[in-house]
Undergrad: 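I am attaching a structure below and will ask some questions about it afterwards.
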Amino acid sequence: MPKDRPDNSESNRLGGRLRRYARVGGSVGGLTVRLAGDRLVGRSTDQQALAEDLRTALGTLKGPVMKIAQILSTIPDALPATFAAELSQLQAAAPSMGRQFVKRRMRSELGPDWQENFAEFSLEASAAASLGQVHRARAHDGTALAIKLQYPDMSSTVEADLNQLDVLLSLYRRYDSSIDTRQIRMELAERLREELDYRREAKHMRLYQHMLHGEMSVHVPLPYPDLGTGRLLTMGWLEGRGLLQFKDADQDTRNRLAINLFRAWYVPFHRFGVIHGDPHLGNYTAAPDLSINLLDFGCVRVFPPTFVGAVIDLYRALRDGDRDLAAHAYETWGFKDLSNELIDVLNIWASFLYAPLMEDHPRLINSAAEPGQYGAQTAAKVHRRLKELGPITPPREFVFMDRAAIGLGGVFLHLQAEVNWYRLFQDIIDDFSVPALEKRQGDALAYAGLVEWA
């Protein structure tokens, strides 16, 4: 057990925020000034050039602002297509902390005798991301461990970067006011602040262990709360290979991986109202038997049971051509002032997402798309119509719902899986009911200790 463990509360330090404001504001603020100058003199702005300059400016920064930019690039209508394409090229990983720095960080989390908790601990990071990095270790009983260590001053950095998010979104509003981005901002802020709390992430892992109990094709690492703090997460190490290593595998192998990943994502959502909101290739590996390892649980979203019920209602409405049921689904989600024209436009996007689930035969998730452009053309078409009918305020739940659906579809495209998605979906929703989901969700959240949602 750690000795003399320090207080784990990290203050949102003013000095840290000011330093971050200076760096991020200097990179992004100049572009805003340029836009304002163009508008003042009535000069049109080259949108492509501005998007490229924004990517270059953000490319010199690391951490949450990069994560925000990446998320925005994957949410339909959060940014213009040119901006989304440029920002999607950014890499969120921050530079790795050096060996001596890692020692100081571990000492600050587990106390001066922190090394006594491990038989082995590698000071070299095995992976780096936007908020922290991962180290390999071994427990005294021989268990392989993954140690997720948060970078210093992340609370200050996140708050500073969230303020700069308003600048990024203002760039969009200069071009187009048809989509109200306030709900997008609120949702991103709440999820990013949650990701800072590694104790909460450990609870998310317990939640997923409960929800996926009995799913032999999915593995969730075991958290070790006695070796964790708000900024340090210790969990079991899951051996596996990256999914891109299977791009040239035989069709049956790629299909099996896709099926397992489908269940890993859709069973929690349709049976418990919970999604893994960051479905990109780096968050999964494949075990030797082609089962899926889930590796990151910082971004988890819990939905009201009625929201999930409306997801099923809309599926049935599109299947049966029932406009009234579609309208009911959209209203349940919080869309207001729905005209028939607006329902038809929203149905274009919904039909795109549901299309693979409508056809009772094996197929690609989308035969016309490249992995990096999954949904882009349909989103652009919908946006053009919304611009004519707008303004519209997408419900905040859609931020990670749409992002997760698009991200998961991109993974399936990378694998070129040909699967009967309809049968997989029907197997999960066959006995769906809102009251049953509500009961399962409440039990799962209580089990995980997520009392604020239970």
Undergrad: Over all heavy atoms of both residues, which pair between L294 and L238 is shortest? Give the atoms and the distance, please.
TA: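 Looking at all heavy atoms of both residues, the shortest contact is O-CD1, 4.1 Å.
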Undergrad: Less than 4.5 Å apart, any side-chain heavy atom of M106 and any of L149?
TA: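 Heavy-atom side-chain distance check passes, below 4.5 Å.
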Undergrad: Under the salt bridge (Lys or Arg N to Asp or Glu O under 4.0 Å) rule, collect the residues that match up with D431, sequence neighbours excluded.
TA: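 Once residues adjacent in sequence are excluded, the partners of D431 under the salt bridge (Lys or Arg N to Asp or Glu O under 4.0 Å) criterion are R271.
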Undergrad: Would you verify whether the NZ or CZ of R206 falls within 45 degrees of the ring axis of Y447 while also being under 6.0 Å from that six-membered ring's centre?
TA: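 So R206 does make the cation-pi contact.
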Undergrad: For L290, is there any backbone N or O sitting under 3.5 Å from a side-chain donor or acceptor partner on N260?
TA: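 Flag set: sc N260 to bb L290 pair under 3.5 Å.
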Undergrad: Could you tell me whether the side chains of Q251 and R254 share a donor-acceptor contact shorter than 3.5 Å?
TA: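 A donor-acceptor contact under 3.5 Å links the two side chains.
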Undergrad: Any ion pair linking E195 and R191 (charged N to carboxylate O, less than 4.0 Å)?
TA: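 A salt bridge is absent here (no side-chain N lies under 4.0 Å from a carboxylate O).
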Undergrad: Can any side-chain N or O of Y315 pair as donor or acceptor with the backbone N or O of L357 at less than 3.5 Å?
TA: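 Yes, the answer is positive, given that a donor and an acceptor are paired below the 3.5 Å cut-off.
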Undergrad: Could you tell me whether the side chain of N255 and the main chain of E418 form a donor-acceptor pair under 3.5 Å?
TA: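 Yes, N255 side chain to E418 backbone: donor-acceptor pair under 3.5 Å.
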Undergrad: Is any NZ, NE, NH1 or NH2 atom of the basic residue among K148 and E201 found under 4.0 Å from an Asp or Glu carboxylate oxygen of the other?
TA: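 Salt bridge flag = yes for E201 with K148.
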Undergrad: Kindly say whether the aromatic ring centers of F262 and F425 come within a distance under 6.0 Å.
TA: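 Here the rings of F425 and F262 have centres that are no less than 6.0 Å from each other.
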Undergrad: What residues form a side chain to side chain donor-acceptor pair (under 3.5 Å) with H135, not counting sequence neighbours?
TA: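 If we apply the side chain to side chain donor-acceptor pair (under 3.5 Å) test to H135, skipping adjacent residues, the hits are Q133.
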Undergrad: Would you please test R316 and D322 for salt bridge (charged side-chain N to carboxylate O under 4.0 Å, His left out) and show each step?
TA: CA-CA 8 Å; R316 291 169 176 160; D322 188 335; over 6 Å; no
Undergrad: Mind checking salt bridge (Lys or Arg N to Asp or Glu O under 4.0 Å) for D197 and listing every partner two or more places apart, or none if nothing turns up?
TA: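 D197: no salt bridge (Lys or Arg N to Asp or Glu O under 4.0 Å) contacts found.
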Undergrad: Please lay out, stage by stage, how E120 and R136 fare under the test salt bridge (charged side-chain N to carboxylate O under 4.0 Å, His left out).
TA: CA-CA 8 Å; E120 300 174 16; R136 295 196 70 154; over 6 Å; no
Undergrad: Cation-pi between R138 and F121: NZ/CZ under 6.0 Å from ring centre and within 45° of the ring axis?
TA: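 Checked: cation-pi criterion not met.
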